[in-house]
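Okay, so here's the structure we're looking at.
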Number of protein chains: 2
Amino acid sequence: MEFPSRISPRVLDIPIIGKALSDADKASANGLGMILKRYPAHTIITREGDGEDRIFFVSSGWSCIYTDLLSGERQIIDFPAGGDVIGLRTRRSPSRVSFKSITELTVFEMAAKALTSASEHSPTLASRLLSVAARQRAILIEHLTNIGRRSGAERVAHLLLEMGARQHYGQIANINAYECPLTQHDLADALGLTAIHVNRVLKELRQLGLLSFQHRIVEILDLNEIINLTDFSLSYLKYDDFA
Amino acid sequence: MEFPSRISPRVLDIPIIGKALSDADKASANGLGMILKRYPAHTIITREGDGEDRIFFVSSGWSCIYTDLLSGERQIIDFPAGGDVIGLRTRRSPSRVSFKSITELTVFEMAAKALTSASEHSPTLASRLLSVAARQRAILIEHLTNIGRRSGAERVAHLLLEMGARQHYGQIANINAYECPLTQHDLADALGLTAIHVNRVLKELRQLGLLSFQHRIVEILDLNEIINLTDFSLSYLKYDDFA
DNA sequence: CGTTCCCTTGAGATCCGTCAATATTAGTGG
DNA sequence: CCACTAATATTGACGGATCTCAAGGGAACG
């Protein structure tokens, strides 16, 4: 493996990098200028309206992308975690979303231009980027469906199950618990609810024996019932084995 | 312009095709196997779970992509119209969404594989696809924010303004009315509301002098107020002038 | 050991959904 | 052009889910 020395081997765990760059011509890979960075918890990394165009590959930690509304409310679009990619916009027009760390966050960071121009010389990389974009879209569609057509309890259960699966690279079968640094306020802003209602719903889910979320620990108490209740599917979390 | 003769010149109006293919090597363009097709209103074109992988460029007409839930409810993800692209998934795993015409629909249709392999030989085309994906993502994010953090009236007003802008290629300044074939039920399924509530909200918006939607005609009565009420922005609808 | 988030709980108000009935429009066949 | 039908739109009464306001408790952190 011939990677620039400043890129840690851990980067290979990131699907797009591990699979695509190993095929890409080394000239491209070397020119990416990717650096490893560490942000403290609760740091705004990219602000809405920034002209800046960077791309981030999350190595470890939790984060969120969100938009602020005029009303002062916040809509969280996603909680990217290890393996996720942020900033895959390739757009000149300033983004309306901000990007913030929730825990301490370790990312591989690079200029968007570097990646897009590299992708012009590496069809494999371009394909891989499209595949990542497709996965992100699938996740976003699930999120939209969750907010649009499910009750508060279903929304919370679905999101917590999804986050558990994403923490474990798309597996849920053997998870009965995972650590989750999100606050009830974070959940509310992601799910179109208020924090107070999220609190009540969590209590209800706990009493029903479905799941428990206390002291940063999510416990899956009855996986089958949750899957049933929320119509949960794993398939949308998969990366494409795009030929 | 050297296009396969079976492709109508109208295809050039579609941003991705008009701008990308004219640059792409002609071999790619000729190999796309794109055909023009016409579907009657209310026809399911692609069903959830289809293994089939086609890509559609809408030439004219309205359509929707949606998912059906176990509960029998429906979540509409988007209403693609002229110039939009459907099926840009590049995924093997079957899609969870269906695609349906609302009015009579004219599309340019091709195998997904043909486009992805063409994009491997045309960096410009690949970039253009990423740009289209970015725009779709921006629209989806706005939709999510709309459902998650706005009241019924705001949701309806925002969606109807967006659709007006998309019908007019991203302009709203000079629109005071447009034809909209969506039913109140369609709006409800897109906005996470019931048709009955959409009806009441439309009445309210009409009485407030903001907008009117009757007999398939949307009239923008007070554009500035609507923009104000819904925090509407045009920027997310733009295609990227991606270098 | 105090300050600041975060969580928890209650009471009342509001938005929106459900159920039910009717009116209006669009489509179809005669 | 009319009669019939189905889809769509409209309205009212009622109930439920969620929000708002308010207060207090617990956990984390300097």
Side-chain angles (χ1 to χ4, degrees), chain A residues 40-43 62 64 69 71-76 100-104 146-157 160 179-208 211-218 229, chain B residues 40-43 62 64 69 71-76 100-104 146-157 160 179-208 211-218 229:
Chain A
H42 307 294
T43 308
W62 291 61
C64 68
L69 301 195
S71 61
E73 290 177 299
R74 184 173 66 143
Q75 176 64 50
I76 292 180
K100 197 169 133 179
S101 66
I102 289 178
T103 63
E104 181 180 84
N146 203 25
I147 295 187
R149 282 285 175 242
R150 286 199 262 257
S151 72
E154 292 166 348
R155 290 183 212 180
V156 169
L160 289 180
E179 192 190 349
C180 177
L182 306 179
T183 67
Q184 294 178 0
H185 196 84
D186 290 333
L187 295 181
D189 284 345
L191 296 173
L193 301 169
T194 58
I196 294 176
H197 195 64
V198 167
N199 181 284
R200 291 193 242 262
V201 154
L202 282 172
K203 183 180 175 183
E204 184 190 343
L205 290 170
R206 204 183 319 130
Q207 290 173 344
L208 287 172
L211 66 81
S212 142
F213 179 24
Q214 283 177 317
H215 313 294
R216 296 167 63 103
I217 302 293
V218 175
L229 174 71
Chain B
H42 308 294
T43 307
W62 291 61
C64 68
L69 301 195
S71 60
E73 291 177 299
R74 184 173 68 144
Q75 177 63 51
I76 291 180
K100 196 169 133 180
S101 65
I102 289 178
T103 62
E104 182 180 83
N146 203 25
I147 294 188
R149 281 290 174 239
R150 286 198 262 258
S151 71
E154 291 165 349
R155 289 183 214 180
V156 170
L160 289 180
E179 193 191 347
C180 176
L182 305 179
T183 67
Q184 294 178 359
H185 196 84
D186 291 333
L187 296 181
D189 283 344
L191 295 173
L193 301 169
T194 57
I196 294 176
H197 195 63
V198 167
N199 181 284
R200 290 193 242 263
V201 154
L202 282 172
K203 183 180 176 185
E204 184 191 343
L205 290 170
R206 204 183 319 131
Q207 289 172 346
L208 288 172
L211 66 80
S212 142
F213 178 25
Q214 283 177 317
H215 313 293
R216 296 168 63 106
I217 301 295
V218 174
L229 174 71

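Just so we're clear, the structure is a prediction, and the values are computed from it rather than from any experiment. In what follows, chains are A, B, ... by sequence order, proteins preceding strands, each numbered from 1.
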| task | Please tell me which of the listed nucleotides, D:dT11, C:dT9, C:dT25, lies nearest to the side chain of B:His215? | result | C:dT25

| message | In this structure, how many angstroms lie between the P atom of C:dC15 and the CG atom of B:Leu191, rounded? | response | 18 Å

| query | To the nearest 0.5 Å, what is the distance between NZ (B:Lys203) and CZ (B:Arg200)? | reply | 9.0 Å

| query | Should B:Gln184 be listed as having a side-chain N or O under 4.0 Å from OP1 or OP2 of D:dT10? | reply | yes

| Between A:Leu182 (CG) and C:dC7 (P), how many Å, whole number? | 10 Å

| request: On DNA chain C, check which nucleotide each of A:Arg200 and B:His197 is closest to and give me the residue with the more 5' one. | output: A:Arg200

| Donor-acceptor contact present, side-chain B:Thr103 to main-chain B:Ala41, <3.5 Å | no

| note | Between A:Gly192 and B:Ala195, whichever has its closest DNA chain D nucleotide further toward 5' is B:Ala195

| query | Tell me: CD of A:Glu154 to P of D:dA17, nearest whole Å? | reply | 11 Å

| request: Nearest whole angstrom, please: distance from the C1' of D:dA7 to the NE2 of B:His42. | output: 9 Å

| said: Using 0.5 Å steps for rounding, measure from the CG atom of B:Leu202 to the CG atom of B:Leu211. | reply: 7.0 Å

| said: Given 3.5 Å as the limit, does a donor-acceptor pair link the side chain of B:Thr183 with the main chain of B:Asp186, or not? | reply: yes

| query | Within the structure, does a side-chain N or O atom of A:Thr194 lie under 4.0 Å from either OP1 or OP2 of D:dC19? | reply | yes

| field | Side-chain donor or acceptor of A:Arg155 paired with backbone N/O of A:Arg149 under 3.5 Å | value | no

| query | Atom CD1 of B:Ile196 to atom P of D:dA13: distance rounded to whole Å? | reply | 15 Å

| Distance in angstrom units between B:Leu193 CG and C:dT18 P, rounded | 11 Å

| task | Kindly point out which of C:dC6, C:dC16, C:dG10 is positioned nearest to the side chain of A:Thr183? | result | C:dC6

| query | Does a nitrogen or oxygen in the side chain of A:Asn199 sit under 4.0 Å from OP1 or OP2 of C:dT8? | reply | yes

| query | Under 4.0 Å between a side-chain N or O of A:Lys203 and OP1 or OP2 of C:dT9? | reply | yes

| In whole Å, what is the span from the CG atom of A:Leu187 to the P atom of C:dC7? | 8 Å

| task | Round to the nearest Å and state the distance from A:Arg216 atom CZ to D:dA28 atom C1'. | result | 10 Å

